[in-house]
Amino acid sequence: MDAYDEGSKARHMPDGPDGSLPEGPASAGSTPDSTPCADQESTDQESVGQESTDQESTDQESTDQESTDQESVPQHHDSQAPTVQAPGPQVSGPQAPTADPPVPVPTPTGIASLPLRSQIVAALALAVVAVVACVHLGMVFLHVAPSNTVTKQHGRAIDDWIYPEFEQNWKLFAPNPLQQNIDVQVRAQVRGADGGITETGWYDLSALDGAAIDGNLLPSHTQQNELRRAWDFYIGTHDNDNHPVGLRGDLSQRYLRRIVVLRLDREGAGGKGAVVESVQVRSRTTNVPPPKWSEEQVSDTPVLRELPWWTVPEEDVTDARTEASAG
């Protein structure tokens, strides 16, 4: 027995063939030393179990701590530097070259969007309009330009194009603008349904136009200018004895006569079914009174200018009836 054995006061027994302790026969009366051994072994087992339980509790707490640390680490990184991952699968390695997106084809607009036949018609219409506009500008230029070789050779064609619709009137910009009121009046000799000829009274056509314009926010060009321009055209191409001057005298007379016949038929001159045989036109001119602060003195007596009687051709009567039925 060595020092270790003496210190521990343990009892040694001979080893068995395999190094284990020999098992003796069980006896009912055990020695007092056998009971402490069994108690010691039970206490050791309980101690080992307790240590195992404590170890498992420690391991569980360590596992929980690690899990808590793993959960807190991403939050710490997210608060400092958030990372955004691009949607879609991520391909590692060299990427294949992507094709360019298709270029959108522009949608045709305007004339190009029309069918071929419509494009041809539209192009021809635009060409006609452009040609007419150029011809009109050229005619107006030659009309207002000083006398030259072209106007001397083609003066009749230029006048037929300009008069009466496109006449250039610059009286508004004259040093002494027009300061008169001119009323155009007309009377007629009509043949009634019984064949008799009667003479009507004077119709003040200018007063009728004025009444139609008053209170009208959008008066027509005819009501404002047709009769006035026709009278200006006539007196500009006739002398004081009503003789035509130049090549436009006959044209201005026919134009004025045609307008007054249309107006008489519109007003129902002579009654229902009456036919206008001849007309007479006159003007009644009165000066515009000057303002009260002006010292200018003008006459307030009307000046009358009567034209001769004109026989109305059948074509003017027919045109007047056609226009009346169309209106």
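- Atom OG1 of Thr286 sits about 4.5 Å away from atom CG of Asn181, to the nearest 0.5 Å.
- The CD1 atom of Ile213 lies 12.5 Å from the CG atom of Leu218; values are rounded to the nearest 0.5 Å.
- The line from CH2 of Trp231 to CD1 of Ile259 is 12.5 Å long, rounded to the nearest 0.5 Å.
- Contact between Arg284 and Pro302 at its shortest, heavy atoms only, is NH2-CG, 3.3 Å.
- Val312 places none of its side-chain heavy atoms less than 4.5 Å from the side chain of Val275.
- Looking at Ser206, its side chain does come within 3.5 Å of a backbone N or O of Val184 through a donor-acceptor pair.
- Here the side chain of Thr318 pairs a donor or acceptor atom with the backbone of Glu314 at under 3.5 angstrom.
- When the options Asp209, Asp316, Asp204 are evaluated for a salt bridge (charged side-chain N to carboxylate O under 4.0 Å, His left out) with Arg263, the one that passes is Asp209.
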Side chain to side chain contact (heavy atoms under 4.5 Å, CB included) evaluation trace for Val303 with Gln180:
CA-CA 11 Å; Val303 178; Gln180 295 174 332; over 6 Å; no

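- One hydrophobic cluster, built from ILVMFWY side chains closer than 4.5 Å, holds both Leu116 and Leu124.
- For Asp214, the CG atom sits in a packed shell: over 12 heavy atoms of surrounding residues, nucleotides or ligands are nearer than 6.0 Å.
- Between the CG atom of Leu205 and the CG atom of Leu208 there is a distance of 6.0 Å, given to the nearest 0.5 Å.
- Residues Val190 and Val276 are in side-chain contact: their nearest non-hydrogen atoms beyond the backbone lie under 4.5 Å apart.
- At least one side-chain heavy atom of Gln280 sits under 4.5 Å from a side-chain heavy atom of Trp202.
- For the atom pair CD1 (Ile197) and OG (Ser278), the distance works out to 8.0 Å, reported to the nearest 0.5 Å.
- Between Ser283 and Ile182, the shortest heavy-atom distance links the atoms CB-CG2, 4.1 Å.
- Side chain of Asp194 to main chain of Gly196: a donor-acceptor pair is present (N/O by atom type, distance under 3.5 Å, no hydrogens or angles).
- Here the shortest heavy-atom pairing between Ala212 and Asn216 reads O-CB, 3.6 Å.
- Listed for the Thr200 side chain is a donor-acceptor partner under 3.5 Å among the backbone atoms of Ala188.
- If you chain together hydrophobic residues whose side chains sit under 4.5 Å apart, Val131 and Phe166 fall into the same group.
- By the 4.5 Å heavy-atom criterion applied to side chains, Gln189 and Trp309 are counted as neighbours.
- With no hydrogens or angles considered, no side-chain donor-acceptor pair links Asn242 and His238 at under 3.5 Å.
- Contact between Ala274 and Ala269 at its shortest, heavy atoms only, is CB-O, 3.8 Å.
- Looking at heavy atoms from C-beta onward, Asn225 lies out of side-chain contact with Thr222 at the 4.5 angstrom threshold.
- Here CD1 of Ile120 is found 11.5 Å from CG of Leu114. Values are rounded to the nearest 0.5 Å.
- Counting heavy atoms from C-beta on, the side chains of Val140 and Ile162 come closer than 4.5 Å.
- Taking the six-membered ring for Trp and thresholds of 30 and 60 degrees, His136 and Trp161 have ring planes inclined between 30 and 60 degrees apart.
- With a 4.5 Å cut-off on side-chain heavy atoms, Asp250 and Pro244 do not count as touching.
- The backbone N or O of Ala112 sits less than 3.5 Å from a side-chain atom of Gln119, completing a donor-acceptor pair.
- Side-chain atoms of Leu256 and Trp310, non-hydrogen and from C-beta on, do get closer than 4.5 Å to each other.
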